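First comes the structure, then the notes that go with it.
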Amino acid sequence: MLSTLNDFKQYFNLTEEEIEEAKKVIDTFPVRCTEYYASLANRNNLNDPIKKTVFPTEEELKNTLSDDPFKEEGQSPIPGLTHKYPDRVLIVTTNYCPVLCRFCMRKRNWKKEPFVITKEQIDEMAKYIKVTRVRDVLISGGEPLTIPDEILEYLILKLKEIETVEIVRIGSRLPVVAPNLLTNKKIKILEKGEKVWLNTHFNHPAEVTKGSEEAVKKLLKAGIPVNNQAVLLKGINDNEETLYKLFSTLQRIKVRPYYLFRCDPVNSVFHFATSVEKGLEIMRNLKKRLSPLALPYYAVDTYKGKIILFPEGAKYSKTGKGYLFKIANTKVSLP
Ligand code: SF4
């Protein structure tokens with residue numbers, strides 16, 4: 001595991017200037033990366049997408065936006081459980097991730113003491129989910145598939161027992177950053193859950209390797225559908241050719257490209273955002289080259305919910321400070 005700047009020097013071509021910048025950031029936002037993921041970088045490329053995903057820059061200290069613009073924490077009837085939509089809840093199981101992605105929208109959790117959901121918390125959440133007749137449970141983190149297998153099994157089987165719960169979606173980046181950690185035992189647990197889907201997060205074709213392909217194959221064989229939620233990231237994947245390759249490669253390995261999100265307006269993250277128009281232009285061009293099965297929805301997330309920009313073409317107007325979207329009778333502005 002890489003956890004110091006010296007560790008990073010062994011895998012990436014870093015200039016003195018980059019190292020000096022990173023030193024200023026790591027006390028606020030630390031670094032961590034698996035050896036596997038770091039080994040995917042091309043050392044000769046100073047702008048390597050893997051390096052940009054995991055290596056800090058001073059930009060992280062310059063944003064002055066909210067740490068939690070979607071008010072996940074304000075809508076928690078039970079700590080760790082967010083209930084924003086009537087039929088859905090989000091469970092945050094841990095704040096640990098084997099790779100700390102610089103664009104993480106839950107970066108605020110990096111600063112908290114390490115936590116892992118307990119069986120007592122799961123019992124309390126299960127009671128709440130039963131009473132509120134929730135249909136769809138989203139399990140997230142941090143990286144939820146790093147919690148101990150015993151707790152993971154307890155959670156998955158609890159949710160299986162609840163009649164109203166029809167789908168359990170796990171948001172995991174393990175197939176991308178550490179496919180070796182997706183053990184047969186873990187896959188067996190997910191298979192036992194019967195209602196489990198996995199939403200993963202590939203952003204760049206360089207992340208699709210033999211190892212990640214094998215991990216996906218095992219999930220699919222266990223009856224677990226795999227979808228991908230990518231983020232459009234400045235300097236990492238914000239061009240037509242990269243996304244063409246990403247979406248077509250994902251389709252080849254039977255991962256459905258499900259969403260491409262604009263980068264969220266989160267503190268220390270928003271410097272990765274492109275304009276709304278840039279994403280639209282890329283998606284419109286990709287529509288001419290890819291079948292609908294390989295084309296994700298392009299969307300922005302807001303505290304009022306997701307707004308689909310492509311293919312629906314949600315209406316928005318430009319303001320001096322950014323964008324104004326209309327959802328039902330409400331207006332939402334985004335930078
Ligand atoms: S794996 Fe996901 S939760 Fe973890 S740091 Fe990356 S984006 Fe954030």
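Both ligands and their constituent atoms are indexed starting at 1 by order of listing. Treat the numbers as computed from the prediction; the structure is a model and nothing was measured.
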Hey, is there an N, O or S on C101 sitting under 2.8 Å from atom 6 (Fe) of ligand 1?
->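 Given the 2.8 Å cut-off, C101 counts as a ligand of atom 6 (Fe) of ligand 1.
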Are E143 and S172 linked by a side-chain donor-acceptor pair shorter than 3.5 Å?
->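 Yes - a donor-acceptor pair under 3.5 Å links their side chains.
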What are the atoms of ligand 1, with element, lying closer than 4.0 Å to any heavy atom of V99?
->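 Those of ligand 1 that fall under 4.0 Å from V99 are 4 (Fe), 5 (S), 6 (Fe).
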Take atom CZ of R133 as the centre, draw a 6.0 Å sphere, and report whether it contains more than 12 heavy atoms from other residues, nucleotides or ligands.
->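 Open: at most 12 neighbouring heavy atoms sit under 6.0 Å from CZ of R133.
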List the closest protein heavy-atom neighbour of [atom]: residue, atom name, distance to the nearest 0.1 Å.
{"atom": "atom 4 (Fe) of ligand 1", "result": "C97 SG, 2.2 Å"}
{"atom": "atom 2 (Fe) of ligand 1", "result": "R173 CD, 4.4 Å"}
{"atom": "atom 8 (Fe) of ligand 1", "result": "C104 SG, 2.4 Å"}

What is the ring orientation for Y316 with Y323, classed by angle as parallel under 30°, tilted 30 to 60°, or perpendicular over 60°?
->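 Taking Y323 first and then Y316, their aromatic rings stand perpendicular (interplane angle over 60°).
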With under 30° as parallel and over 60° as perpendicular, where do the rings of W110 and F29 fit, or are they tilted in between?
->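 Rings of W110 and F29: perpendicular, over 60°.
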For Y85, does its backbone N or O pair with a side-chain atom of H83 as donor and acceptor, under 3.5 Å?
->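 Checking the backbone N and O of Y85 against the side chain of H83, a donor-acceptor pair under 3.5 Å is found.
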